Amino acid sequence: MNPAKPGKSARTPWIVGVSGASGTPYAAAVLRALLAAGESVDLVVSRASRLTLLDETGISFRDGHWREDLRAWLALGADGKPGTFDVPVDAVRHWSAGDLAAGPSSGSYPSKGMLIVPASTACVAGVALGLSKDLLQRAASVVLKERRRLVVAVRETPLNGQTLRHLVTLDDAGATVLPASPAFYAGATHIQDLVDFVAGRVLDAAGVGHTLYRRWEGELGGAPRPA
């Protein structure tokens, strides 16, 4: 395996895995916030998630045109409005989900950890069982064995016993299991607020600073309300 050439940023990256569950706006919000915080990102978009992305946004994510497709995706608001955000993607490195010789497939490849947003039940099962059927699952297994941070933002309801057991396995292995469950105490008035709350909780679990939502300060009625 040839050593990977460093990109424009020499910072140790976060690996962001996007699986096939519904919830691509969550992934976009996490990616925007990581880049806004000055973090570098290694991105793995599963084959199943590309179908979900196409269905939810109309965007085809293609390996050969990933920069253009990623810019278009990150520019979308949670309501699907284009041009809502302007996000440079120079600090992102994309790895094909089928490339099991990619950097994140090895424990010697440096990373700060991995965020799987959203995580499907199939992805949860694959990581819990150590299947490593694609780069997303393999990278997660590497992060666990190297004792790095793994945040799994599971997006499914209801959950059956088998998936719950898989989630307990991940928790026992040191992962943070974070259901994509929006809260309303921050005074959400737009779908983007609810998406950003979940993204913010993912970043909290990773220890990355952000200003995506109003934090609870112990006072009732503190959230802004529409006139």
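Index from 1, following the sequence. Predicted model only: the values in this text are computed from it and were never measured.
The closest side-chain heavy-atom distance from Val208 to Glu39 is below 4.5 Å. Side-chain atoms of Leu34 and Val30, non-hydrogen and from C-beta on, do get closer than 4.5 Å to each other. Between Phe61 and Asp69 there is a side-chain heavy-atom pair separated by less than 4.5 Å. Side-chain contact between Ser111 and Arg148 is present, with at least one heavy-atom pair separated by less than 4.5 Å. Counting heavy atoms from C-beta on, the side chains of Val45 and Arg50 come closer than 4.5 Å.
Across all non-hydrogen atoms, the minimal contact from His210 to Leu203 is CD2-CB, 3.8 Å. Closest heavy-atom contact between Leu136 and Ser46: CD1-CB, 4.2 Å. Summarising the geometry of Leu35 relative to Pro88, their closest heavy-atom pair is CD1-O, 3.6 Å, with the distance given to 0.1 Å. In terms of heavy-atom proximity, Trp73 sits nearest to Thr24 at CZ2-O, 3.5 Å. Nearest heavy-atom pair, Leu54 versus Ser60, reported as atom, atom and distance to 0.1 Å: CD1-OG, 3.5 Å. Scanning all heavy atoms of the two residues, the minimum distance from Gly209 to Ala37 falls at O-CB, 3.9 Å.
Remark: Lys145 NZ is packed, more than 12 non-hydrogen atoms of other residues, nucleotides or ligands lying under 6.0 Å away. With a 6.0 Å radius and a threshold of 12 heavy atoms from other residues, nucleotides or ligands, Arg32 has its CZ atom above the threshold. Within a 6.0 Å radius of CZ in Arg67, other residues, nucleotides and ligands contribute more than 12 heavy atoms. The local environment of CG in Asp172 is crowded, with over 12 non-hydrogen atoms from other residues, nucleotides or ligands closer than 6.0 Å. Summarising the local packing, CZ of Arg147 is surrounded by 12 or fewer heavy atoms from other residues, nucleotides or ligands at distances under 6.0 Å.
Here the CG-CH2 distance, from Leu31 to Trp14, works out to 13.0 Å after rounding to the nearest 0.5 Å.
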Decide yes or no on side-chain contact (heavy atoms from CB on, under 4.5 Å) for Arg138 and Leu100, but give the supporting numbers first. CA-CA 8 Å; Arg138 171 59 186 168; Leu100 291 177; 4.2 Å; yes

Verdict with supporting geometry, Thr163 and Asn160, side chain to side chain donor-acceptor pair (under 3.5 Å): CA-CA 6 Å; Thr163 297; Asn160 62 26; 3.2 Å; yes

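At least one test fails for Arg155 against the ring of Tyr26: distance under 6.0 Å to the centre or angle within 45° of the axis.
Glu56 places a side-chain N or O within 3.5 Å of a backbone atom of Gly23 that can act as its donor or acceptor partner.
Linking Ile, Leu, Val, Met, Phe, Trp and Tyr whenever their side-chain heavy atoms come within less than 4.5 Å leaves Val168 and Val124 in two separate clusters.
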